[in-house]
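For clarity, every value in this text was computed on a predicted model and none was experimentally measured. Start at 1 and go down the list; that is how both ligands and their atoms are numbered.
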Amino acid sequence: MSDSKIIIAIDGYSSSGKSTMARRLASKIAYRYIDSGAMYRSVTLYALDNDLIAADGTIDTPALIAALSDIRIDFRPMPDGSQHTMLNGRDVETEIRQLRVSDNVSPVSAIKEVRDALTAMQRRFGEEKGIVMDGRDIGSTVFPDAELKIFVNASAETRAQRRFLEMTAKGEAVNYEDVLANVVRRDHIDETRAESPLRRADDAIDLDNSHMTLEQQDQWLMDQYLKAVAR
Ligand code: DC
């Protein structure tokens with residue numbers, strides 16, 4: 001087995017459980033975990049907070065593009081082993097998961113200049129390898145040479161149910177139908193946007209985890225990792 005660290009790209013649909021599996025693998029193998037969705041969410045939050053998105057969802061695209069150089073995104077390790085997303089030095093971990101951000105993130109992610117800026121940041125995180133990054137285009141665009149690429153899927157209903165439980169556990173007042181509608185709408189925008197759409201890399205390994213427990217999923221991913229480093 002080679003000692004050298006690799007890049008692990010985990011792509012898939014929203015709420016497919018890819019962040020959970022990516023985070024858990026990273027912690028077991030002492031790799032850095034990067035949540036690229038949190039970066040798109042942070043840019044969206046910045047746009048909302050700076051009135052660059054109107055109430056009807058219209059984005060002031062030129063102003064957002066001009067502001068991109070003012071947006072710094074980092075991940076701060078927390079004492080409990082988790083990490084929080086920092087936007088210009090502010091902890092935004094909770095805010096970026098709220099429905100107001102979820103409802104606007106897909107159109108923001110469809111802007112070419114936003115993708116270019118975040119792709120460049122993501123590649124910098126990968127310079128020293130030893131990372132697990134999850135997202136939509138990590139294996140296809142950000143790290144086309146990643147040594148291990150996984151593409152995760154589960155039915156829209158399963159994914160909406162997971163997100164609904166997550167949000168209600170945090171005390172958010174949401175109903176399942178709205179969450180399902182948000183999942184379906186985001187799938188559609190993510191799959192059909194012109195810039196770097198959600199696409200399975202040709203050399204990705206598929207995982208449908210609709211009927212898997214967390215433990216089965218962890219084991220499956222660990223097996224893929226061990227095979228990849230042994231190659
Ligand atoms: O994984 P998530 O639901 O937190 O992602 C939020 C949004 O960000 C999602 O609607 C699509 C977008 N995204 C993207 O376009 N490319 C990525 N690599 C990651 C996320």
Side-chain angles (χ1 to χ4, degrees), residues 7-23 33-48 53 57 59 64 68 71 73 75 82-85 87 92-126 131-144 146 149-154 156 158-164 166-167 170 172 174 179-201 204 209:
I7 291 184
I8 303 172
I10 303 189
D11 288 301
Y13 288 86
S14 67
S15 305
S16 57
K18 59 188 184 321
S19 306
T20 305
M21 65 190 279
R23 191 181 310 113
Y33 164 62
I34 302 289
D35 176 353
S36 69
M39 300 171 75
Y40 287 93
R41 288 172 176 274
S42 297
V43 172
T44 306
L45 178 64
Y46 179 97
L48 287 164
I53 303 181
I59 303 168
L64 179 55
L68 284 173
I71 299 179
I73 301 165
F75 296 95
S82 69
Q83 51 180 7
H84 283 191
T85 310
L87 169 61
V92 293
E93 189 57 36
T94 305
E95 259 181 285
I96 58 168
R97 313 284 167 197
Q98 289 169 349
L99 209 51
R100 149 177 118 99
V101 172
S102 301
D103 274 342
N104 289 285
V105 65
S106 279
V108 169
S109 321
I111 300 170
K112 179 181 187 314
E113 289 80 356
V114 170
R115 302 207 71 81
D116 289 348
L118 293 188
T119 298
M121 268 188 226
Q122 289 154 7
R123 288 187 178 145
R124 282 198 291 277
F125 283 125
I131 60 162
V132 185
M133 190 177 291
D134 79 321
R136 302 292 191 288
D137 62 341
I138 309 307
S140 57
T141 303
V142 181
F143 295 118
K149 300 179 184 178
I150 310 287
F151 192 84
V152 194
N153 201 2
T158 303
R159 291 182 288 121
Q161 184 64 24
R162 287 178 187 156
R163 182 145 286 197
F164 173 74
E166 248 170 53
M167 294 174 102
K170 285 183 200 155
E172 277 200 58
V174 284
V179 177
L180 177 62
N182 177 267
V183 165
V184 170
R185 183 171 154 266
R186 280 205 290 153
D187 284 358
H188 179 73
I189 303 181
D190 293 348
E191 285 169 334
T192 55
R193 68 175 174 232
E195 261 319 302
S196 197
L198 168 65
R199 189 172 59 78
R200 178 188 173 285
N209 63 10

Heavy-atom contacts with [X] under 4.0 Å: which atoms of ligand 1 show up? List them by number with element.
| X | result |
| --- | --- |
| V105 | 7 (C), 8 (O), 10 (O) |
| G37 | 4 (O), 5 (O), 19 (C), 20 (C) |
| S106 | 10 (O) |
| K18 | 1 (O) |

Legend entry - Candidate list S14, S109, S106, test side chain to side chain donor-acceptor pair (under 3.5 Å), partner D190, passing option: S106
Can you find an N/O atom of [X] closer than 3.5 Å to an N/O atom of ligand 1?
| X | value |
| --- | --- |
| D35 | no |
| R115 | yes |
| R41 | yes |
| R186 | yes |

Legend entry - Flag for N209-S16: side-chain donor and acceptor within less than 3.5 Å: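 No pair is found: no donor N or O on one side chain lies under 3.5 Å from an acceptor on the other.
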Inset, instruction - Examine the side chains of N182 and R186 and answer whether a donor and an acceptor come within less than 3.5 Å of each other. - result: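 N182 vs R186: donor-acceptor pair found between side chains.
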Inset, instruction - Using the test side-chain hydrogen bond (donor to acceptor under 3.5 Å, both in side chains), find all partners of R97 that sit at least two apart in sequence or belong to another chain. - result: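 For R97 the side-chain hydrogen bond (donor to acceptor under 3.5 Å, both in side chains) partners, ignoring immediate neighbours, are D35, E93.
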Inset, instruction - With sequence neighbours left out, write down each residue that passes side-chain hydrogen bond (donor to acceptor under 3.5 Å, both in side chains) with D11, or none if nothing qualifies. - result: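 D11 satisfies side-chain hydrogen bond (donor to acceptor under 3.5 Å, both in side chains) with no residue once adjacent residues are dropped.
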Legend entry - Region of R193 that comes within reach of ligand 1 [heavy atoms, distance under 4.0 Å]: side chain
Legend entry - Proximity to ligand 1 by part of D190, non-hydrogen separation under 4.0 Å: side chain
Tell me, which protein residue and heavy-atom name are nearest [atom], and how many Å apart are they?
| atom | value |
| --- | --- |
| atom 19 (C) of ligand 1 | S36 OG, 3.3 Å |
| atom 1 (O) of ligand 1 | R136 NH1, 3.0 Å |
| atom 12 (C) of ligand 1 | S109 OG, 3.3 Å |

Legend entry - From M39 atom CE to I96 atom CD1, the distance as rounded to the nearest 0.5 Å: 10.5 Å
Legend entry - Inter-residue atom distance M121.CE - S42.OG, 0.5 Å rounding: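 Taking CE in M121 and OG in S42, the distance rounds to 9.0 Å.
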Legend entry - Under 3.5 Å: donor-acceptor pair, side chain of K149, backbone of P144: yes
Legend entry - K112 atom NZ, neighbour heavy-atom count above 12 within 6.0 Å: no
